[in-house]
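Have a look at the structure below before the remarks.
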Amino acid sequence: NLSQMGYEVTTLDDNLTANQLKGLDAVILGVRAFNVRKEIDRAMPLLFDYVKDGGTVIVQYVRPDKLHTTKIAPYPLTIYNGRVTDENATVTFLEPQNALLNRPNKITSADFDHWVQERGLYFGEKWDDNFKPLLSCADPGEEQLKGGLLVAKYGKGHYIYTGLSFFRELPAGVPGAYRLLANLIAAGK
């Protein structure tokens with residue numbers, strides 16, 4: 001999907017080096033990377049340094065059990081099984097002026113039209129004050145969940161955790177998901 005968006009994609013593996021990160025606009029960790037990548041603990045200090053130096057790391061949802069690292073973010077972050085299964089759940093913009101919701105695309109409620117199966121899963125439950133929740137949503141009759149899109153400045157860069165279901169929306173061709181992901185990738189630009 002990233003290649004279709006026009007990005008040059010470099011696949012990184014468990015033998016990550018600082019040199020491989022030079023010149024990358026963003027690093028996106030796939031869903032459950034912390035659950036399936038057995039050597040990810042070794043890569044985390046390099047990724048944190050990359051962010052500190054101005055890079056952007058986007059972490060897609062992770063299950064809170066069977067993690068292969070004790071530190072998934074540069075600041076304390078607890079993930080739980082919070083999810084919003086109603087794909088039409090109203091999305092509230094908590095920080096509508098935040099650059100990630102405005103550049104390069106102005107994200108509006110229309111960008112959440114036509115989502116499939118769910119809004120997201122494995123949301124953040126507790127997070128350090130350095131993280132800012134940008135959106136909230138809820139299944140009907142349930143409490144608003146704010147941990148679906150969290151962003152933190154770390155050094156010169158951005159660390160983003162998202163439980164939003166990009167892994168479902170991009171293959172389904174949901175335009176708003178592409179627009180929002182492009183904004184996340186452009187966080188440091």
When Phe48, Trp127, Tyr154 are each screened for ring-ring contact (aromatic ring centres under 6.0 Å, His included) with Tyr75, the one that passes is Tyr154
From [atom1] ([X]) to [atom2] ([Y]), nearest 0.5 Å:
X      : Y      : atom1 : atom2 : result
Phe93  : Ser109 : CZ    : OG    : 6.0 Å
Phe123 : Tyr161 : CZ    : OH    : 8.5 Å
Glu39  : Asp13  : CD    : CG    : 10.5 Å
His158 : Leu100 : NE2   : CG    : 6.0 Å
Glu118 : Asn88  : CD    : CG    : 12.5 Å

When you measure from the side chain of [X] to the backbone N and O of [Y], does any donor-acceptor pair fall under 3.5 Å?
X      : Y      : value
Gln144 : Cys137 : yes
Thr56  : Ala187 : no
Glu95  : Pro133 : no
Arg119 : Phe112 : yes
Arg179 : Pro104 : no
Asp111 : Thr108 : yes
His68  : Asn35  : yes

With a cut-off of 6.0 Å (strictly less than), are more than 12 heavy atoms of other residues, nucleotides or ligands near [atom1] of [X]?
X      : atom1 : value
Asp129 : CG    : no
His114 : NE2   : no
Lys106 : NZ    : yes
Lys132 : NZ    : no
Arg42  : CZ    : yes

Please say yes or no: joined through hydrophobic side-chain contacts below 4.5 Å, possibly via intermediate residues, are [X] and [Y] part of one cluster?
X      : Y      : result
Leu150 : Ile79  : yes
Val91  : Leu121 : no
Leu16  : Tyr50  : yes
Val151 : Tyr61  : no
Val31  : Trp115 : no

Hey, which of Thr162, Leu2, Leu164 is the one that makes side chain to side chain contact (heavy atoms under 4.5 Å, CB included) with Leu181?
Leu2
Give the minimum heavy-atom separation between [X] and [Y], together with the two atoms involved.
X      : Y      : value
Arg63  : Leu67  : O-CD2, 3.1 Å
Glu169 : Ser165 : OE2-OG, 2.7 Å
Lys146 : Ser136 : CG-CB, 3.8 Å
Gly124 : Leu77  : CA-CD1, 4.4 Å
Leu145 : Gly82  : CD1-C, 4.1 Å
Ile185 : Ile58  : N-CD1, 3.8 Å

Could you check whether Tyr178 and Asn1, counting side-chain N and O atoms only, form a donor-acceptor pair closer than 3.5 Å?
yes
Regarding Arg83 and the six-membered ring of Tyr122, is the cationic atom NZ or CZ under 6.0 Å from the ring centre and inside 45° of its axis?
yes
Taking the side chain as every heavy atom from C-beta outward, state whether [X] and [Y] have any pair of such atoms under 4.5 Å apart.
X      : Y      : value
Lys52  : Lys156 : no
Tyr159 : Val59  : yes
Val84  : Asp139 : yes
Asn105 : Leu180 : no
Phe166 : Ile28  : no
Asp49  : Leu21  : no
Leu149 : Leu184 : yes
Lys71  : Asp41  : no

Do Met44 and Ile72 pass the side-chain contact (heavy atoms from CB on, under 4.5 Å) test, and can you show the C-alpha distance, the side-chain angles, and the key distance before you say yes or no?
CA-CA 8 Å; Met44 294 316 295; Ile72 65 169; 5.7 Å; no
Applying side-chain contact (heavy atoms from CB on, under 4.5 Å), can you list everything that pairs with Thr10, at least two apart in sequence or on another chain?
Leu12, Leu24
